[in-house]
Amino acid sequence: MPYPTGMRFDQAVWQAMSVTERMGYTMACILDRARRFSEALRAAGVPHAVCGGLSVMAWVETRDPERARSTKDVDVLMRREDLPRAAEALAPHGFVLVEVNGIPMFLDGPDGTPKHAVHVVVANERTSRFSPD
């Protein structure tokens with residue numbers, strides 16, 4: 001089933017689907033979120049890199065598609081000083097910069113949730129207060 005671009009996760013749409021349709025819809029939303037986010041930042045010249053499970057999935061897909069596995073979110077590596085420029089570039093595309101439990105993230109739309117956000121891994125900063133010294 002082909003999915004349109006520019007799609008944001010919609011719980012009501014998801015609930016109306018069969019289990020297998022839900023799997024495709026969820027993954028299509030994740031991939032489209034990453035695409036929309038990266039395209040907006042590239043156009044604005046804001047340095048970033050997709051990282052985490054989505055980048056691993058993309059790499060494995062190029063080597064052995066039978067071993068590729070899905071991911072549940074989008075993680076992006078950025079410098080903290082680039083967050084204000086990123087927020088400005090992403091606002092027209094509906095992304096909203098927030099910080100949840102010390103983690104910067106971009107909600108996908110004004111009614112977006114942290115679960116469906118682009119999570120920022122800040123370059124040169126520890127990702128957890130439990131990181132070893």
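The basis for the numbers below is simple: all heavy atoms, side chains too, and nothing from hydrogens, waters or symmetry mates.
Separation of atoms CZ (F106) and CG (L83) is listed at 5.5 Å; rounding is to 0.5 Å. Atom CG of L77 sits about 10.5 Å away from atom CG of D82, to the nearest 0.5 Å. Between I103 atom CD1 and D75 atom CG the span is 9.5 Å, to the nearest 0.5 Å. Here the NE2-SG distance, from H116 to C29, works out to 7.5 Å after rounding to the nearest 0.5 Å. Going from atom OH of Y25 over to atom CD1 of I30 covers 11.0 Å, rounded to the nearest 0.5 Å.
Of all heavy-atom pairs between A44 and A89, the closest is CB-CB, 3.4 Å. Looking at every heavy atom in both residues, L107 comes nearest to G112 through CD1-O, 3.7 Å.
Looking at R22, its side chain does come within 3.5 Å of a backbone N or O of Q15 through a donor-acceptor pair.
A side-chain contact (heavy atoms from CB on, under 4.5 Å) with M78 holds for exactly one of L41, V122, V118; it is L41.
Side-chain contact between S38 and R33 is absent, with no heavy atoms from C-beta onward closer than 4.5 Å. Between M17 and V13 there is a side-chain heavy-atom pair separated by less than 4.5 Å. Looking only at side-chain heavy atoms (C-beta outward), V76 and F37 come within less than 4.5 Å of each other. M105 is listed as a side-chain neighbour of V98, based on a closest heavy-atom distance under 4.5 Å. Put simply, the side chain of R79 does not reach to within 4.5 Å of the side chain of H48, judged on heavy atoms.
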Exercise for the section: Please step through side-chain contact (heavy atoms from CB on, under 4.5 Å) for the pair H119 and D73, ending with a clear verdict. Expected result: CA-CA 8 Å; H119 303 104; D73 63 2; 3.4 Å; yes
Problem - Candidate pair R36 and F95, rule side-chain contact (heavy atoms from CB on, under 4.5 Å), full reasoning - result: CA-CA 10 Å; R36 289 183 288 113; F95 288 98; 3.5 Å; yes
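Taking a 6.0 Å sphere around CD of E39, one finds it holds more than 12 heavy atoms contributed by other residues, nucleotides or ligands.
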